[in-house]
Amino acid sequence: VLHRSEQHPRLTLLRTLRIQPPDQWLSLDPVGRRAVSRHKDGTLVLWRLDTGALERRLTVGPKRRTEAHFSPRGRYLATAGARGQVRRWDVETGRATTLATVPGGVRVVRYAPDGQLLAVADRRGVIHLLRTEGGQTERTLTYHPKPVFALAWSPDSRVLGVVHWDKSGWLYDVTSKAPPRRLPPTRDGWHALVFARDGKTLFAADWGRSITVFRARDLHVERTLVGH
């Protein structure tokens, strides 16, 4: 785990977590208190970053792929997987609340930065926007029904960026019923999207290891960073 602060602008080693196979990935909460890894048996493992200790294991489902994402303040962990059951875990107590069940299973889950909505992409490519309190469906996005590879929210929680398995990229204004904006096609196809902290810039990585920097409001290309 690497750390950077105003006092220490260069990255320094903060903690080493001994994640051994078959733990498959590691994700940090936004406030830097915890990390989560996924074990091949379907359990999620919560780690404390201040001590590097294993805090608890969460049993989330069968021995299949499970997706997870921390809430903006790190208090909750949303999980979903092949059975389509979307749960919200209180990481302090380990208690779970079922928010919804999505037919066909789930590929990706992402909290909005304001914590009010949870974007849940099912295996058909339909994106469900769920209220984090109660689990009601606020809206479904079905404009481009292809399996979803990645999701990214703008900092103001108004725009949801979507990358599909067909390598296309789209931006949905979740406050409007207007059709989404499509990112200009690239030779290698889109891989991931990230908004800048102020929401004015969108970084789009393609499968050719290049990053295109867009002006978010109109998708004007400001520059391209060529990968190696």
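Heavy-atom basis, side chains included; hydrogens, waters and symmetry copies ignored.
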Nearest 0.5 Å please: distance from the [atom1] atom of [X] over to the [atom2] atom of [Y].
X    : Y    : atom1 : atom2 : result
L99  : L130 : CG    : CG    : 6.5 Å
L160 : W153 : CG    : CH2   : 5.0 Å
R217 : K200 : CZ    : NZ    : 9.0 Å
R87  : L77  : CZ    : CG    : 12.0 Å
E133 : T97  : CD    : OG1   : 9.0 Å
D122 : R124 : CG    : CZ    : 4.0 Å

| task | Take V159 and Y172 through the side chain to side chain contact (heavy atoms under 4.5 Å, CB included) test and state the conclusion after the steps. | result | CA-CA 5 Å; V159 177; Y172 287 86; 6.0 Å; no
May I ask you to test the [X]-[Y] pair for a side-chain heavy-atom distance under 4.5 Å?
X    : Y    : value
F203 : L225 : no
R34  : L28  : no
I127 : L151 : yes
H144 : D166 : yes
T79  : L44  : yes
L202 : L171 : yes
F149 : K167 : no
V36  : W47  : no

Would you check if the side chain of [X] reaches a backbone N or O of [Y] as a donor-acceptor pair within less than 3.5 Å?
X    : Y    : answer
R139 : V174 : yes
S157 : D114 : yes
T132 : G115 : yes
W190 : H164 : no
R88  : G134 : no

Closest non-hydrogen atom pair between [X] and [Y], with its separation:
X    : Y    : value
A80  : V109 : CB-CG1, 3.8 Å
S27  : F70  : O-CE1, 3.8 Å
D218 : R181 : N-NH1, 3.8 Å
P72  : P113 : CG-O, 3.2 Å
W165 : V148 : NE1-O, 3.3 Å
L49  : A35  : CD2-CB, 3.9 Å

State plainly whether one hydrophobic cluster holds both [X] and [Y], where clusters connect Ile, Leu, Val, Met, Phe, Trp and Tyr through side-chain heavy atoms under 4.5 angstrom apart.
X    : Y    : answer
L129 : V162 : yes
F195 : V221 : yes
L118 : Y76  : yes

| query | Would you call D90 and R75 a salt bridge, taking side-chain N to carboxylate O under 4.0 Å as the test? | reply |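 Result for this pair is yes, salt bridge flagged.
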| request: Check whether more than 12 heavy atoms from other residues, nucleotides or ligands sit under 6.0 Å from atom CZ of R182, and answer yes or no. | output: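 More than 12 within 6.0 Å, yes.
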| request: Can you tell me which residue pairs pass the ring-ring contact (aromatic ring centres under 6.0 Å, His included) test with a partner in residues 106-143, sequence neighbours excluded? | output: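 Sorted pair list: Y143-W170.
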| Audit row: R131, L117, side chain to side chain contact (heavy atoms under 4.5 Å, CB included) steps and yes/no | CA-CA 5 Å; R131 303 296 301 181; L117 292 177; 3.7 Å; yes
| request: Apply side-chain contact (heavy atoms from CB on, under 4.5 Å) to T175 and list each qualifying residue two or more places apart in sequence or on a separate chain. | output: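 Once residues adjacent in sequence are excluded, the partners of T175 under the side-chain contact (heavy atoms from CB on, under 4.5 Å) criterion are R158, D173.
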